[in-house]
Chemist: 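Attaching a single structure in C-alpha cells format; questions to follow.
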Amino acid sequence: MPQYTFDWCVAASIQIMHNLIDDKGAGTWADRVHQGELWEMARARSSNSFNGANPLGWAKVLTEVGMGPYTVVSIADYEEALRTAARAIADTGRPVGLGMWRGRHVWVMSGFASLGDPDQFPKFSVTGIRVQDPLYPYGDQQWGRSPAPNTLLTPEQLATQFVVREPRRWSSNLPTGYMLVLPIAKAFPRT
C-alpha cells in the first residue's frame with residue numbers, strides 16, 4: 001500500500017495494518033480518498049503535529065477504527081525495542097508501527113525472525129524484521145532506498161533508518177528512544 005502524498009505515511013501505514021489484520025473480510029483499504037480521510041483523522045489526534053500526523057494520532061486512529069488497542073512507547077535500547085515489537089506481534093497477531101528517520105517517517109513491522117521463542121525466552125534475539133515502507137520505491141536521499149514490501153531486514157540493516165527519535169521533532173511526555181506504535185491486547189484468539 002503506497003502513500004499517495006509524501007505527507008501521508010501514517011495514513012498509508014494505517015491502511016497497511018488494516019490489510020494485514022483484517023480477519024472479517026472487510027476488503028482491502030487502498031483508496032486515495034480514504035487515505036486522505038485517515039490522515040486527517042490522525043492529524044486531528046496528534047499533539048504538536050507540525051500540521052501533520054504523528055505516532056500518537058496513529059495509535060488513536062488504529063484503536064478507534066477497531067484495530068486496537070494500540071499505544072505509543074519509546075524504548076532507549078535498540079535490542080530491547082526489537083524484542084518489545086516482536087513480543088507484541090507474537091502476543092497479539094497484529095503489526096507494530098515503527099517511527100523511522102528520527103521521527104520524520106513511519107514503517108510497519110509485520111513480522112520477525114528470532115533465535116528463541118518470545119513466549120519462552122525473555123532475552124530472545126531478533127534476527128530479522130519484516131517491514132512495509134509506504135514510501136516504496138522512493139526512499140530518501142539522506143536515509144536511503146525504501147525496502148520492497150515484505151522485506152526481511154537484519155537488525156543492522158534496519159538500524160540505518162530506525163534511529164532514536166529527535167525529541168524536538170514533536171513533543172510528548174515520552175523519553176527519547178526508539179518509537180513504537182504497539183498493539184497492547186489480543187485482537188482475536190489464535191488457532
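All residue numbers refer to positions in the sequence shown, counting from 1. Note that these values count all heavy atoms, side chains included, but never hydrogens, waters or copies made by symmetry.
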Chemist: Return the minimal non-hydrogen interatomic distance between P134 and S13, and the atom names on each side.
Modeler: CG-OG, 3.6 Å
Chemist: Taking the side chain as everything from C-beta on, heavy atoms only, tell me whether V131 gets closer than 4.5 Å to V108.
Modeler: no
Chemist: Side-chain contact, heavy-atom cut-off 4.5 Å: I21 with M67?
Modeler: yes
Chemist: If you round to the nearest 0.5 Å, how far is CD1 of I129 from CG of L98?
Modeler: 8.5 Å
Chemist: For the CH2 atom of W8 and the CD atom of Q15, what is their distance to the nearest 0.5 Å?
Modeler: 9.5 Å
Chemist: For a side-chain contact (heavy atoms from CB on, under 4.5 Å) check, start with the C-alpha distance between M17 and W58, then their side-chain angles and the critical distance, and finish with the verdict.
Modeler: CA-CA 11 Å; M17 292 169 99; W58 184 8; 3.5 Å; yes
Chemist: Is a side-chain N or O of T151 found less than 3.5 angstrom from the main chain of L153, in a donor-acceptor match?
Modeler: no
Chemist: Kindly indicate whether the side chain of I14, heavy atoms from C-beta on, has any atom under 4.5 Å from the side chain of L62.
Modeler: yes
Chemist: Looking at every heavy atom in both R87 and P122, which two are closest together, and how far apart are they?
Modeler: NH2-O, 2.9 Å
Chemist: Would you mind reporting whether N150 and Q132 have side-chain heavy atoms less than 4.5 Å apart?
Modeler: yes
Chemist: Are Y136 and L20 connected in a single hydrophobic cluster, I mean Ile/Leu/Val/Met/Phe/Trp/Tyr linked by side-chain heavy atoms less than 4.5 Å apart?
Modeler: no
Chemist: Could you check K60 against V72 for side-chain contact (heavy atoms from CB on, under 4.5 Å), going step by step and ending with a plain yes or no?
Modeler: CA-CA 9 Å; K60 288 176 184 174; V72 180; over 6 Å; no
Chemist: Parallel, tilted or perpendicular for W101 and W143, by the 30°/60° rule?
Modeler: parallel
Chemist: Which heavy atom of Y70 sits nearest a heavy atom of T63, and at what distance?
Modeler: N-OG1, 3.0 Å
Chemist: Nearest heavy-atom pair of P95 and S110: which atoms, and what distance?
Modeler: CB-CA, 4.3 Å
Chemist: So H105 and D140, side-chain contact (heavy atoms from CB on, under 4.5 Å) or not? Walk me through it.
Modeler: CA-CA 10 Å; H105 186 49; D140 180 80; over 6 Å; no
Chemist: Please identify each residue that fulfils salt bridge (Lys or Arg N to Asp or Glu O under 4.0 Å) with E40, with sequence neighbours left out.
Modeler: R43
Chemist: I would like to know whether F6 and L135 meet side-chain contact (heavy atoms from CB on, under 4.5 Å); could you show each step before the answer?
Modeler: CA-CA 8 Å; F6 282 105; L135 196 53; 3.5 Å; yes
Chemist: Are any of the side-chain heavy atoms of R165 and L174 separated by less than 4.5 Å?
Modeler: yes
Chemist: Could you grab the distance from atom CZ of R104 to atom CG of N54, nearest 0.5 Å is fine?
Modeler: 14.0 Å
Chemist: Apply side chain to side chain contact (heavy atoms under 4.5 Å, CB included) to A159 and list each qualifying residue two or more places apart in sequence or on a separate chain.
Modeler: Y78
Chemist: Below 4.5 Å, heavy atoms only, C-beta onward: do F112 and P155 meet side chain to side chain?
Modeler: no
Chemist: Which heavy atom of D133 sits nearest to which heavy atom of V106, and what is that distance?
Modeler: OD1-O, 4.4 Å
Chemist: Contact between E37 and H34 at the side-chain level, heavy atoms closer than 4.5 Å - yes or no?
Modeler: yes
Chemist: What's the separation between atom CE in M179 and atom CZ in R102, rounded to the nearest 0.5 Å?
Modeler: 13.5 Å
Chemist: Rounded to the nearest 0.5 Å, how far apart are CD of E64 and CE of M41?
Modeler: 5.0 Å
Chemist: Quickly, which of I16, D22, V65 forms a side chain to side chain contact (heavy atoms under 4.5 Å, CB included) with W29? Name it, please.
Modeler: V65
Chemist: Following the transitive rule for hydrophobic clusters with a side-chain heavy-atom cut-off under 4.5 Å over Ile, Leu, Val, Met, Phe, Trp and Tyr, establish whether L152 and M100 coincide in one cluster.
Modeler: no
Chemist: Same cluster or not: V96 versus V164, using hydrophobic residues (I, L, V, M, F, W, Y) connected whenever any side-chain heavy atoms lie under 4.5 Å apart?
Modeler: yes
Chemist: Looking at CD1 of I184 and OG1 of T92, how far apart are the two atoms once the value is rounded to the nearest 0.5 Å?
Modeler: 10.0 Å
Chemist: Determine the minimum heavy-atom distance between S74 and T176, stating which atoms define it.
Modeler: OG-C, 3.5 Å
Chemist: Which residues pass the salt bridge (Lys or Arg N to Asp or Glu O under 4.0 Å) test with R130, sequence neighbours left out?
Modeler: none
Chemist: Side-chain heavy atoms nearer than 4.5 Å, only ILVMFWY residues, links allowed to pass through others: does that put L82 and L115 together?
Modeler: no
Chemist: Would you check if Q3 and W39 make a side-chain contact, meaning some heavy-atom pair closer than 4.5 Å?
Modeler: no
